[in-house]
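Everything on this sheet refers to the single structure shown next.
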Amino acid sequence: MGVAISRFLEKPYLSICLLFLITSVSITSYVYSILKPKDNSISEYYLSENADYFVGDIPADDSGKIDFQRMHKVYWLSTSGWINDEEFKRITDSEYIWLRSKAFSELENEELHFLLEHAGLNIEIFNEFGDSIFKYGEFSDPKYLPNIFQSKFSWVKIPKDKSEYYYLRLFHKKGILFSITIIENLIGKQTALYREIALKNLTTIFFHSFFMMIGIICALVYFIEYKKQYNILLDFSSFSLCFGILGLTSNEFIRYLFTNTQTLYVLSIISSNFVFIPMLSGVRRLFGSGSFRILDFLIYIDVFICSITTLLVFSLPFSDISHSFLISTRSFFIIFNLLNILGPIFITYEAWKKGNKEAFGHFIGFSITLLLVILEIFLAIKYNDTSPSGIVFWGVLFGVISQGFALERTLFADRQKALLYKEDLLKAEKTLKESQLKTLQTKMNPHYLFNSLNTIHALHKIKPELIGDAIMSLANNYRFISDRTDRDWIPFEEEWNFLEDYLHLQKLRFYDTIQIDFKKSGDFSSVVLPPLLLQPIIENSFKHGFRGSSEVQFQLFIHAKMIKDSVFSFVVYDNGTGIPDELLSDKQKLMSRSLGNIKERLKNLYSEFHFEITRNYPEGTRSEIEIILTSKVQITS
């Protein structure tokens, strides 16, 4: 039962269920918001959309009243459809603009309102009888006008009269753009209207917040795993962040709740201008730049144009030239947005034709995106909606989804490669460890054997009674080398017994000219070590310390001890010739001299250890190993 539960938890079933639950609830909520029974207290109403307009001011009569009945005879132009650049500029160059909109006629006894968003202008609304039903700001000094970045929200009460039209008097700074719209184009009782607006935007806010969080998480993963250089992950992060920020900052309900609308406007401009760049960069990383380096040129052009556009938009409140330029280049930016979709379509199609199967899914996704963008452009022209977010929204959405799937496949493939690489690395470490042991054996066997045989030969002349002990120690040493060194780990006591036999032979060799202090302290019952880890450190004293030394009496101190329960310490020092200063200052050369392979073995076997060779005082060499036994690295074959 426990094994089955563990296997279940190792699979991503719980996360899949949670993701399915969140997606299902989101889709259900969105479908319900469309198909739910209509609230009879709320109706659709369009104020500025499809209205008529008049450029210039309408003079009042001697009593200060405006005869709107007479204005029926004035020729009004329609805002429906695409307004050409010349007419658009004529509108912005006039400080006063009048709008005439059909009045809301389905009035009941309740008080009805609509939520009006306006920026860059002062406004007054009249009924057909000349009565002011709403006013924001003064019409005398353009210096006190709010700029285009400062969205204002006002609740407007619908009058209970028999007006056929409402007349809107708009006052703005000459040459400066402005905006005016009813939120969600809804009218009704204030409480019900507020609730309806919130519900209509809830799914959208959740959706864009979700992508914003994905962008943040991907950015964190990229910087945490910076050395792995998941550059496509950073592209996807930037893409998701731009998409999430674009959706949230352009959301009407968010703007209504947020007091600092200028910040939202700035973020909206930056995200809408630069959102295509990480998308194009991600496609380039997946499928290359294509023939004639199309994506390279497209990305550079994007960076240049988007940077210039952003600067122009930020200068809107201060420069008439910026408005004129942006108005005259509206058509260019629509074509430019289309090119940002056509580029990936061409690249993915080309990659698919060359045999990249993953490119086909991207080709279909971007093709659908192109159709949706064209549809958005058509709707923008038909309803005179110049907002760039409406044009790019669906394209960005499909870009996020397609790059998300591609990113998942890429990271999965990289993870598989990393696992294979890790397996190869572990095998290489295993081979290296075995090679190091073989090297130690081959280096030790000849000269150790010759020295031992010479010692036995010398004993034959001076102390023949010790020959038996010498032969037994030599046999024990070679039995250890042949039987134990092919193992990964051996008990400490076996390594210690091997050292004892080795030192016994050395003591016989040096006879009474050497004094050896060989001891251990602590509980070693649970300690295991790699074979032949300690012997080369002792051998170093005989090989380098005592050779050429003028000392009559050699001294060798060897101490193994346990510190607490998991720290193993091994110290060896002698009174030999010591280490020259030039060698002591060059650690790399020092290690290559004799004990470098010991340190490499420790690196492969333990994650926490300390190994140091220093001068012993007053003379000689000191070598010390300290190992955290619990940091042992598990190396599998």
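All figures in this text were calculated on a predicted structure; none of them were measured in a lab.
Judged by distance alone, with hydrogens and angles left aside, the side-chain atoms of H504 form no donor-acceptor pair with the main-chain N or O of E500 at under 3.5 Å. Formation of a donor-acceptor pair under 3.5 Å by the E495 side chain with backbone atoms of L532 is found in this model. Put simply, the side chain of N575 never gets that close to the backbone of F554: no donor and acceptor are under 3.5 Å apart. Panel note: side chain N616, backbone D574; a donor-acceptor pair is recorded below 3.5 Å. Checked by atom type and distance alone, the side chain of S631 never pairs as donor or acceptor with a backbone atom of Y606 at under 3.5 Å.
In terms of the side-chain contact (heavy atoms from CB on, under 4.5 Å) criterion, residue partners of S525 (sequence neighbours excluded) are, by chain and number, D523. Partners of D302 according to the side-chain contact (heavy atoms from CB on, under 4.5 Å) rule, which considers only residues two or more places apart in sequence or in another chain, are F276, I277, L280, L298, C306, F336, N340. Applying the ring pair (Phe, Tyr, Trp, His ring centres under 6.0 Å) rule to Y349 yields the partners W352, F363; only residues at least two apart in sequence or on another chain are considered. For F258, the side-chain contact (heavy atoms from CB on, under 4.5 Å) criterion is met by N260, L264, not counting sequence neighbours. The ring pair (Phe, Tyr, Trp, His ring centres under 6.0 Å) test applied to F274 returns no partner, not counting sequence neighbours. Residues meeting the salt bridge (charged side-chain N to carboxylate O under 4.0 Å, His left out) test with R615, sequence neighbours left out: D581. Among residues two or more places apart in sequence or in another chain, the salt bridge (charged side-chain N to carboxylate O under 4.0 Å, His left out) test is passed with E494 by R484. Residues meeting the ring pair (Phe, Tyr, Trp, His ring centres under 6.0 Å) test with Y300, sequence neighbours left out: none. With sequence neighbours excluded, the residues forming a salt bridge (charged side-chain N to carboxylate O under 4.0 Å, His left out) with K603 are E600, listed by chain and number. The ring pair (Phe, Tyr, Trp, His ring centres under 6.0 Å) search around F570 returns none, not counting sequence neighbours. Residues satisfying the salt bridge (charged side-chain N to carboxylate O under 4.0 Å, His left out) test with E493, not counting sequence neighbours, are K520. Residues that satisfy the side-chain contact (heavy atoms from CB on, under 4.5 Å) test with H559, not counting sequence neighbours, are K519, S521, F557, K561.
When L248, I245, L241 are each tested for a side-chain contact (heavy atoms from CB on, under 4.5 Å) with S271, only one passes: I245.
At least one side-chain heavy atom of W489 sits under 4.5 Å from a side-chain heavy atom of P530. Contact check for I558 versus L503: side-chain heavy atoms found under the 4.5 Å cut-off. Considering only heavy atoms from C-beta on, V567 comes within 4.5 Å of I628 through its side chain. Side chains of L233 and E225 form no contact here, defined as non-hydrogen atoms less than 4.5 Å apart. Considering only heavy atoms from C-beta on, L246 comes within 4.5 Å of S268 through its side chain. A heavy-atom distance below 4.5 Å is not found between the side chains of Y265 and T249. For the pair F287/E350, no side-chain contact is recorded, criterion being any heavy-atom separation below 4.5 Å from C-beta on. Side-chain contact between F480 and D501 is absent, with no heavy-atom pair separated by less than 4.5 Å.
Classified by interplanar angle (parallel below 30°, tilted 30° to 60°, perpendicular above 60°), the ring pair F524/F568 is perpendicular.
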Just do the side-chain contact (heavy atoms from CB on, under 4.5 Å) check on I538 and Q535 with the steps written out, would you? CA-CA 5 Å; I538 299 174; Q535 183 272 339; 5.7 Å; no
